[in-house]
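To keep things clear, I will list the structure first and then write my remarks on it.
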Amino acid sequence: MAHISKVKYLGYGFYRYKGKCQFKVHKKSLAKMKNRLRAITNRNKAISNEERPLIPKRFVKGWVNYFKLADMKKLLMKMDEWIRRRIRAIYWKQWKKVKTRCRMIRQYNLPDWKVHELADCQKGIWRAALMLLSIS
C-alpha cells in the first residue's frame, strides 16, 4: 500500500481533487522529458535553423498525445517558455560578434542606444536570451 501521490503508473501520477482521483504527469516522466529536450535543443548541435524548431515540436507533440489524459495546462505553458528561451539562446550564440547582434536586433525598431546596449551585453547566453524576450 502506498499513498496515491507516491504511485506512478505508465508515466502518470495521481492526486486527489474534490474527492476524486485526477491524473498528472509524474515527476520522473517530467524530468525525462526535460532532459530529452535539453539534448534536442543543445546549443552545440549542428542543425540548420529551419529544422531546429521542428525537432522539439515533433517530440512535444508526441509527448502531449501520450499524456493527454493528464492535467498539464500550466506545465505546458512553463515548458513552452523554457523551450523558446533555449531557442533564443541558440540564436544568440550564433550571433558571435557584436556587429552581427546589432544588425539582428535593429529589426525590432529599437532606439540605437538600446540596440548597442543589448548587443554588447556581457551577461552570458542564458541571460541574453531573457533580454531578447523583452524586446520581441
Apply salt bridge (Lys or Arg N to Asp or Glu O under 4.0 Å) to Arg106 and list each qualifying residue two or more places apart in sequence or on a separate chain. Asp112
For the pair Lys34 and Trp82, evaluate side-chain contact (heavy atoms from CB on, under 4.5 Å) and give the outcome as yes or no after the intermediate values. CA-CA 10 Å; Lys34 204 165 181 178; Trp82 182 73; 3.7 Å; yes
Of all residues at least two apart in sequence or in a different chain, which pass the side-chain contact (heavy atoms from CB on, under 4.5 Å) check with Lys45? Asn42, Ile47
Within the structure provided, determine whether Tyr12 and Val25 are in side-chain contact (heavy-atom separation under 4.5 Å). no
Do the non-hydrogen side-chain atoms of Leu30 and Met33 ever get within less than 4.5 Å of each other? yes
Exceeds 12 heavy-atom contacts within 6.0 angstrom, atom CZ of Arg127: no
Non-neighbouring partners of Ala129 that pass side-chain contact (heavy atoms from CB on, under 4.5 Å), sequence neighbours left out: Arg85, Arg88, Ala89
List the residues meeting salt bridge (Lys or Arg N to Asp or Glu O under 4.0 Å) with Asp120, not counting sequence neighbours, and say none if there are none. none
List in chain and number order the residues that pass salt bridge (Lys or Arg N to Asp or Glu O under 4.0 Å) with Arg84, two or more places apart in sequence or in another chain; answer none if no residue qualifies. Asp80
Enter the distance from Met131:CE to Ile105:CD1 here, rounded to the nearest 0.5 Å. 8.0 Å
Would you indicate whether the side-chain heavy atoms of Arg52 and Ile90 approach each other to under 4.5 Å? yes
Once side chain to side chain donor-acceptor pair (under 3.5 Å) is applied, do any residues pair with Asn35, and if so which ones, sequence neighbours excluded? Arg38
Check: residues 66-74 side-chain donor-acceptor pairs under 3.5 Å, at least two apart:
| residue | atom | partner | partner atom | Å |
| --- | --- | --- | --- | --- |
| Tyr66 | OH | Leu10 | O | 2.9 |
| Asp71 | OD2 | Tyr15 | OH | 2.5 |

Partner set under side-chain contact (heavy atoms from CB on, under 4.5 Å) for Lys20, not counting sequence neighbours: Gln22
Partners meeting salt bridge (Lys or Arg N to Asp or Glu O under 4.0 Å) with Lys114 (sequence neighbours left out): Glu117
Quick one: do Phe14 and His26 satisfy side-chain contact (heavy atoms from CB on, under 4.5 Å)? Show the steps, please. CA-CA 8 Å; Phe14 305 95; His26 196 269; over 6 Å; no
Please tabulate, one pair per line, all N/O donor-acceptor pairs under 3.5 Å involving side-chain atoms of residues 93-101, not counting sequence neighbours.
| residue | atom | partner | partner atom | Å |
| --- | --- | --- | --- | --- |
| Lys93 | NZ | Asn44 | OD1 | 2.5 |
| Gln94 | OE1 | Asn49 | ND2 | 3.2 |
| Gln94 | NE2 | Asn49 | OD1 | 2.9 |
| Arg101 | NE | Trp95 | O | 2.9 |

What's the spacing between Leu110 CG and Leu118 CG if we round to 0.5 Å? 7.0 Å
Can you sort out the partners of Ser29 under side chain to side chain donor-acceptor pair (under 3.5 Å), two or more places apart, ordered by chain and number? none
